[in-house]
There are 2 protein chains.
Amino acid sequence: MERNGRDQELIIQRMFELTKRAMPKFERCTGISQSRLEILRELFVSEEITQRELQKKVNIDHAAVTRHLKQLEESGMVIRRKNPDDNRFTYVQLTDEGKQRVAAYCEEKQRFISSVLNDFSEEEKSALLDLLTRLQKNIEEM
Amino acid sequence: MERNGRDQELIIQRMFELTKRAMPKFERCTGISQSRLEILRELFVSEEITQRELQKKVNIDHAAVTRHLKQLEESGMVIRRKNPDDNRFTYVQLTDEGKQRVAAYCEEKQRFISSVLNDFSEEEKSALLDLLTRLQKNIEEM
DNA sequence: GGTCAATTATTGACACGTCAACTAATATAA
DNA sequence: TTATATTAGTTGACGTGTCAATAATTGACC
């Protein structure tokens, strides 16, 4: 029982630690932060989307989304415009240059992930995905 | 091949997302941040330890460790003193009150973790731990 | 002994996240 | 129609992480 408890703890510990270490490496390899790339990818597939919708998709705080978009707009990857029918909403979309750059970032990300999972068999990968998915469900239900 | 790439990405995506969602819940449940508790737990088992050692154990940046300790000292959980033989080093240890509070925090953490892993069998838990450990090794070797 | 290198700890600048307070626009209900 | 509630987005305060620069101390070599 005691042993059991420690092992459980190790799992969560390891996952947190793993994420903590992977994040900076990921950012160095791809040249962009995980969160920002998530936003950009969502914009890539959504064509034009409301900030609110975007926020729900990527599950980051409104405030953070606003700030990311402001910077992305300054750097020319994104344009925003108000919804003429309801001025509370603002639509966001990628510029052409933005699209190209997102595609490049995604390729980098693919490379990174492939290299991290290179020695995992298909069975192991799907087992891992399953376990993580269940874990996520448990966490969300708390 | 294409499908393969997407699945791989899902694994990493899920893990990042999972961690991102779990962190705040963990902190609300236990009343302390994951990182700070890691520091405290290390102090708990190490009795008296150098900041440098501590930093290596918990794998957080020096700067962050310094700031955590400063706050912990102010709140009376920790005391620091310079090594008289080498003034560059400072030893850190928990106060008695600190020890009690760490123990309480750890119990909370156990409760949290048990509830997150409650429907996992022993086999599943050890499989998950294995997979995560391998993943971690790959990430560290990059 | 004096200079230079290495090591520890601290601090500042910055990135990113949360929450709470605020503004502006719209919907709803008296 | 006017007052109230709701909603989207922005901003500020704050916590925590990184990296880079700095201060203080010690060790090593001339």
Side-chain angles (χ1 to χ4, degrees), chain A residues 16-40 43 48-75 78-93, chain B residues 16-40 43 48-75 78-93:
Chain A
F16 282 158
E17 202 179 318
L18 201 154
T19 307
K20 206 167 63 181
R21 294 210 194 192
M23 286 288 207
K25 287 199 179 176
F26 173 84
E27 299 185 10
R28 265 201 308 279
C29 286
T30 60
I32 191 174
S33 84
Q34 172 66 20
S35 302
R36 185 161 296 188
L37 184 49
E38 247 178 280
I39 289 176
L40 289 171
L43 289 173
E48 192 172 51
I49 189 178
T50 272
Q51 278 195 210
R52 173 95 188 95
E53 290 295 319
L54 179 58
Q55 185 273 319
K56 279 192 286 193
K57 291 282 182 107
V58 299
N59 197 42
I60 300 175
D61 190 89
H62 313 91
V65 171
T66 294
R67 289 175 183 124
H68 274 296
L69 290 176
K70 212 197 288 190
Q71 285 182 266
L72 289 169
E73 196 171 35
E74 278 164 17
S75 78
V78 145
I79 36 180
R80 288 191 287 176
R81 64 180 185 84
K82 295 233 169 208
N83 179 343
D85 299 331
D86 185 341
N87 270 290
R88 288 174 302 182
F89 292 82
T90 73
Y91 287 129
V92 193
Q93 65 176 7
Chain B
F16 282 158
E17 204 179 317
L18 201 156
T19 308
K20 206 167 65 181
R21 294 208 194 195
M23 286 289 208
K25 287 199 178 174
F26 174 85
E27 299 185 10
R28 266 201 309 278
C29 286
T30 59
I32 191 173
S33 85
Q34 171 67 18
S35 301
R36 187 162 296 189
L37 184 50
E38 246 179 281
I39 288 177
L40 289 171
L43 288 174
E48 193 172 50
I49 190 177
T50 271
Q51 278 193 208
R52 174 89 187 100
E53 291 295 321
L54 179 59
Q55 186 271 319
K56 278 191 287 191
K57 291 282 182 110
V58 298
N59 197 41
I60 301 176
D61 189 89
H62 312 91
V65 171
T66 294
R67 289 174 185 126
H68 275 295
L69 290 176
K70 212 195 292 188
Q71 285 181 265
L72 289 169
E73 196 171 35
E74 279 165 18
S75 77
V78 145
I79 38 179
R80 286 189 290 176
R81 65 180 184 82
K82 294 233 170 205
N83 180 343
D85 298 332
D86 187 338
N87 272 289
R88 287 172 304 181
F89 293 82
T90 73
Y91 287 129
V92 194
Q93 65 176 9

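So that the names make sense, note that chain A is the first sequence line, chain B the second, and so on, each numbered from 1. Note: hydrogens, waters and symmetry copies are ignored here, and every other heavy atom, side chains too, is used. This one's a predicted model, so the numbers in the text were calculated from it and none came from an experiment.
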Exercise. Please check the phosphate of C/dT11 (OP1 and OP2 only) for any side-chain N or O of B/K70 closer than 4.0 Å.
Key: yes

Quiz item: How many Å lie between CG on B/N83 and P on C/dT7, as a whole number?
Solution: 17 Å

Quiz item: Has the side chain of B/R67 got a donor or acceptor that lies under 3.5 Å from a partner of the other kind on the base of C/dG12?
Solution: yes

Exercise. Using modelled atom types only, decide if a donor and an acceptor are shared between the side chain of A/S33 and the backbone of A/R36 within a distance under 3.5 Å.
Key: yes

Quiz item: Roughly, in whole Å, what's the span from CZ in A/R21 to C1' in D/dG17?
Solution: 15 Å

Quiz item: Is any side-chain N or O of A/S35 closer than 4.0 Å to OP1 or OP2 of C/dG17?
Solution: yes

Practice problem: Begin with the C-alpha distance, continue with both residues' side-chain angles, and end with the deciding distance and a verdict on side-chain contact (heavy atoms from CB on, under 4.5 Å) for B/R67 and B/K70. | Solution: CA-CA 5 Å; B/R67 289 174 185 126; B/K70 212 195 292 188; 5.5 Å; no

Exercise. Looking at every strand, decide which applies to B/Q55 at a 4.0 Å heavy-atom threshold: base, sugar-phosphate, or nothing.
Key: nothing

Quiz item: Please walk me through it: do B/L40 and B/I32 pass side-chain contact (heavy atoms from CB on, under 4.5 Å)?
Solution: CA-CA 10 Å; B/L40 289 171; B/I32 191 173; 3.5 Å; yes

Quiz prompt | Those residues that, when tested against A/Q93, pass side chain to side chain contact (heavy atoms under 4.5 Å, CB included) (two or more places apart) | solution = A/E48, A/I79

Quiz item: Over how many whole Å does the gap from B/R81 atom CZ to C/dT8 atom C1' extend?
Solution: 16 Å

Exercise. Measure the distance from CG on A/L72 to P on C/dA15 and round it to the nearest whole Å.
Key: 13 Å

Between N or O atoms, less than 3.5 Å apart, protein on one side and nucleotides 5-9 of chain D on the other: list the pairs.
from: D/dA8; atom 1: OP2; to: A/R52; atom 2: NE; distance (Å): 3.0
from: D/dA8; atom 1: O3'; to: A/R88; atom 2: O; distance (Å): 3.2
from: D/dG9; atom 1: OP1; to: A/Q51; atom 2: N; distance (Å): 3.4
from: D/dG9; atom 1: OP1; to: A/T90; atom 2: N; distance (Å): 3.0
from: D/dG9; atom 1: OP1; to: A/T90; atom 2: O; distance (Å): 3.4
from: D/dG9; atom 1: OP1; to: A/T90; atom 2: OG1; distance (Å): 3.4
from: D/dG9; atom 1: OP2; to: A/R52; atom 2: N; distance (Å): 2.6

Quiz item: Can you name the side chain to side chain contact (heavy atoms under 4.5 Å, CB included) partners of B/Q51, sequence neighbours left out?
Solution: B/T66, B/L69, B/R80, B/T90, B/V92

Practice problem: Quick one: pull up CZ in B/R21 and CG in A/N59 and give me the separation to the nearest 0.5 Å. | Solution: 4.0 Å

Quiz item: Over how many whole Å does the gap from B/Q34 atom CD to D/dG15 atom C1' extend?
Solution: 15 Å

Quiz item: For the pair made of CE in B/M23 and C1' in D/dG15, what is the distance, rounded to whole Å?
Solution: 13 Å

Practice problem: Identify whether any heavy atom of A/K20 sits under 4.0 Å from a base atom; if not, whether one sits that close to sugar-phosphate; answer base, sugar-phosphate or nothing. | Solution: nothing

Quiz item: Considering heavy-atom distances to DNA chain C, does A/A64 or B/N87 have its closest nucleotide positioned more toward the 5' end?
Solution: B/N87

Quiz item: Any donor-acceptor pair under 3.5 Å linking the side chain of B/T50 with the backbone of B/R52?
Solution: no

Practice problem: Report the distance from atom NZ of A/K25 to atom C1' of D/dT18, rounded to the nearest whole Å. | Solution: 15 Å

Quiz item: Relative to the 5' end of DNA chain D, which residue comes earlier, B/S33 or A/R28, by the nucleotide with the nearest heavy atom?
Solution: B/S33

Practice problem: With heavy atoms under 4.0 Å as the rule, sort B/D61 into base, sugar-phosphate or nothing. | Solution: base

Practice problem: Write down the distance between CZ (A/R36) and P (C/dA15), rounded to a whole number of angstrom. | Solution: 9 Å

Quiz item: Considering only side-chain heavy atoms of B/H68, which listed nucleotide, D/dT16, C/dC16, C/dT18, is closest?
Solution: D/dT16

